[in-house]
Amino acid sequence: MSEILMIKDCKKINSNTRRITFEWDVEAKPGQFVMVWAPGMEEIPLSLSGVKHEKSVTFKIIGPDTEKLAQLNSGDRIQIRGPYGRGYTYDQNDKKNILLVGGGIGIAPLIPLMKARSADIVLAGRTAEEVEPYIPTAKNFAMKHWESTDDGSLGFHGNAVDLVKEIMKDERYDEVVACGPEIMLYFLHQYLNKVHVEHQMSLERHMKCGCGVCGACMMDDKRVCKDGPVFNNYEIDLMPEFGTSKRGIDGSLIVFRK
Amino acid sequence: MTSLKTEVGDLVFDNPSILASGIMDETGMSMVRVLECGAGAVVSKSVGLASNPGHANPNFLEVTSGCINAMGLPNPGIDAYGDEMKIAVDKGNVIGSIYGASPKDFVILAEKMQSYGACAVELNLSCPHAKGYGIEVGTDPKMVKSIVEAVKAAVDIPVWAKLTPNTHILPEIGKAVEDGGGDAIVAINTLKAIAIAPEFARPILSNKVGGLSGAAIKPIGVRAVWDLHNAVSIPIIGVGGITNYRDALEYIMAGASAFQIGTAVMDHGPEVFNTVCKGINKFMKRYGYRSISDMVGVAHE
Ligand SMILES: Cc1cc2nc3c(=O)[nH]c(=O)nc-3n(C[C@H](O)[C@H](O)[C@H](O)COP(=O)(O)OP(=O)(O)OC[C@H]3O[C@@H](n4cnc5c(N)ncnc54)[C@H](O)[C@@H]3O)c2cc1C
Ligand SMILES: Cc1cc2nc3c(=O)[nH]c(=O)nc-3n(C[C@H](O)[C@H](O)[C@H](O)COP(=O)(O)O)c2cc1C
Ligand code: FES
């Protein structure tokens, strides 16, 4: 269902990232997302980066709609639809050893999960500023945390997948939970399959209805919005479009890796 | 023995449940999934001559007992859509939905759908939010008759016409389909609707006007099928707000030979087709109906 809510806070996280906080009295799970709209922009899907009574979305400014959203201030109003999708599957009381892997803006949606159950976390980014804002929270809530940057400006010099490979030389995990760019997830999925570690990943496709009706977000026979956006490794194994092709807004097939 | 076997003119389906156009049918694989979940047939997304991105977001909104959409007929165009059809027709009955602005458009599209293996074409004469298409061609009986006639002359597969409830002359338009040689009528498409956000003092959908679907429109759809049953003798396919077996039976008893489900997929998933069919089967046993055709239009007697 949709509601028009008042923005409590629009916070600058780094040069191109903002967090909008709002009070919203619905139950939501880590990994779920909302459709966000205000006049003057197109409605866009954003993952929840806070799922308690006070909720939030954290987004990177990459185009006209995120640009517009970033201009809003506390007291302004936004329309929120959702929460939609299946969140992460977890049991806060199990004894599983879990590693969270967040890449870039994909770190933020993992925060509610990091707060909900014990886990280690990898914070990966292109540069230090993509990672730094999350280190204090990781210190507070994660068991262990590691950082990587593509440019080597902070932590491990390299990408998230290479860091995970390093970490797994010493650590044993029952499950990995990842959110980030599809290319990172694609190679992480291949590696984790090779070493037989179960995993869940949060995927993205162009969304319109957000709730399983229109079929705009199909990845193979799955609706990313409703059947996902979180899929486990067994499901992903059956989705050959993952990491290789997507649908344009007219539904046409766009192959981006052969 | 009860049987769910369903006849719509010359077509025979395992059961009377059909996926409505525009719901989980932009791609071949999504249609396959719905067929595998037990739908007797699926209707494709409405496809036009050229690629169309549809209307900008927001184009969808849940409202009390339904939703309003103004997707704006997004589709990759009939040539690209051939690949999706190929995947789906292998797995079951696929009805190709098409939209155009003139009889000539419809003929080209119908011929393509036939060549892709569609078991029938459904002419979308009823979209409430696409300028120059849909309602704008589907509320003029003369235009409707000429489109149906032209398509009938061009293809061998059955021709269904999907009509809009946004008119006071629905029976007349139904007659026009019948006079043009149409094989069946599908009713109803969505009802024109607007949602306004008071806080923003403006309509929510980018197109402002959308179409209302879901539980809220069921009594209107049942009435439309009822009126059409009195007006024409070709088969009618009922659609609008069906969520459970009792909703489907209302349509059948008002005069529908089969029914389509759309919006209910949102809350009940593609499994809804199987659930509704099971419910109908149980009902038939309990109330002594042997076949779907035994129930068609019985509420009129
Ligand atoms: C389930 C889901 C959760 C997401 N969560 C977050 C999040 O927490 N933080 C964040 O920064 N971003 C998130 N995104 C991506 C976010 O929706 C896009 O960054 C945003 O739509 C960009 O809009 P724009 O107008 O600023 O940029 P544009 O220039 O319009 O688009 C840039 C790119 O954003 C993507 N995009 C645009 N519109 C849509 C749409 N309707 N649906 C999906 N993707 C779109 C496309 O890949 C496009 O190429 C999420 C996407 C999905 C599907
Ligand atoms: C998101 C959405 C997209 C639709 N797209 C089409 C379409 O492309 N062609 C069409 O003939 N009808 C379209 N419809 C209308 C449905 O096929 C159906 O007639 C209507 O929704 C009523 O049935 P329902 O209440 O079961 O959804 C669409 C409906 C929805 C909700
Ligand atoms: S966005 Fe409509 S089905 Fe996923």
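Below, all heavy atoms of this structure are taken into account, side chains as well, without hydrogens, waters or symmetry copies.
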Relative to chain B, which segment of [X] carries a heavy atom at a distance below 4.5 Å: side chain, backbone, both, or neither?
| X | result |
| --- | --- |
| A/M207 | backbone |
| A/L5 | neither |
| A/M1 | both |

Determine the minimum heavy-atom distance between B/F200 and A/I4, stating which atoms define it.
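Closest pair (atom of B/F200, atom of A/I4, distance): CE1-CD1, 3.8 Å.
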
Flag the one option from A/G215, A/G251, A/C211 with the top tally of heavy-atom pairs under 4.5 Å to chain B.
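Max contact count across the listed options: A/C211.
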
Quick one: which of A/G212, A/A38, A/C209 has the most heavy-atom pairs under 4.5 Å with chain B, could you say?
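Of A/G212, A/A38, A/C209, A/C209 has the most heavy-atom pairs under 4.5 Å with chain B.
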
More than 12 heavy atoms of other groups within 6.0 Å of A/R126 CZ:
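No.
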
Please check if atom CG in A/D25 has more than 12 non-hydrogen atoms from other residues, nucleotides or ligands closer than 6.0 Å.
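Atom CG in A/D25 is not packed in, count stays at 12 or less.
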
For residues 176-193 of chain A, give me every residue with a non-hydrogen atom less than 4.5 Å from any non-hydrogen atom of chain B.
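Residues of residues 176-193 of chain A touching chain B at under 4.5 Å: none.
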
Side chain, backbone, both or neither: which part of [X] has a non-hydrogen atom closer than 4.5 Å to chain A?
| X | answer |
| --- | --- |
| B/I204 | both |
| B/V34 | neither |
| B/V265 | both |

No hydrogens needed, just list the donor-acceptor pairs between chain A and chain B under 3.5 Å.
unit_1	atom_1	unit_2	atom_2	d
A/E43	O	B/N57	ND2	3.0
A/Y84	OH	B/E62	OE2	2.4
A/M207	O	B/N57	ND2	3.0
A/K208	NZ	B/P53	O	3.3
A/V213	O	B/M24	N	3.0
A/D221	O	B/R33	NH1	2.8
A/K226	NZ	B/M266	O	2.7
A/D227	OD1	B/R33	NH2	3.1
A/D227	OD2	B/R33	NH1	2.7
A/R247	NH1	B/E84	OE2	2.8
A/D250	OD2	B/S51	OG	2.6

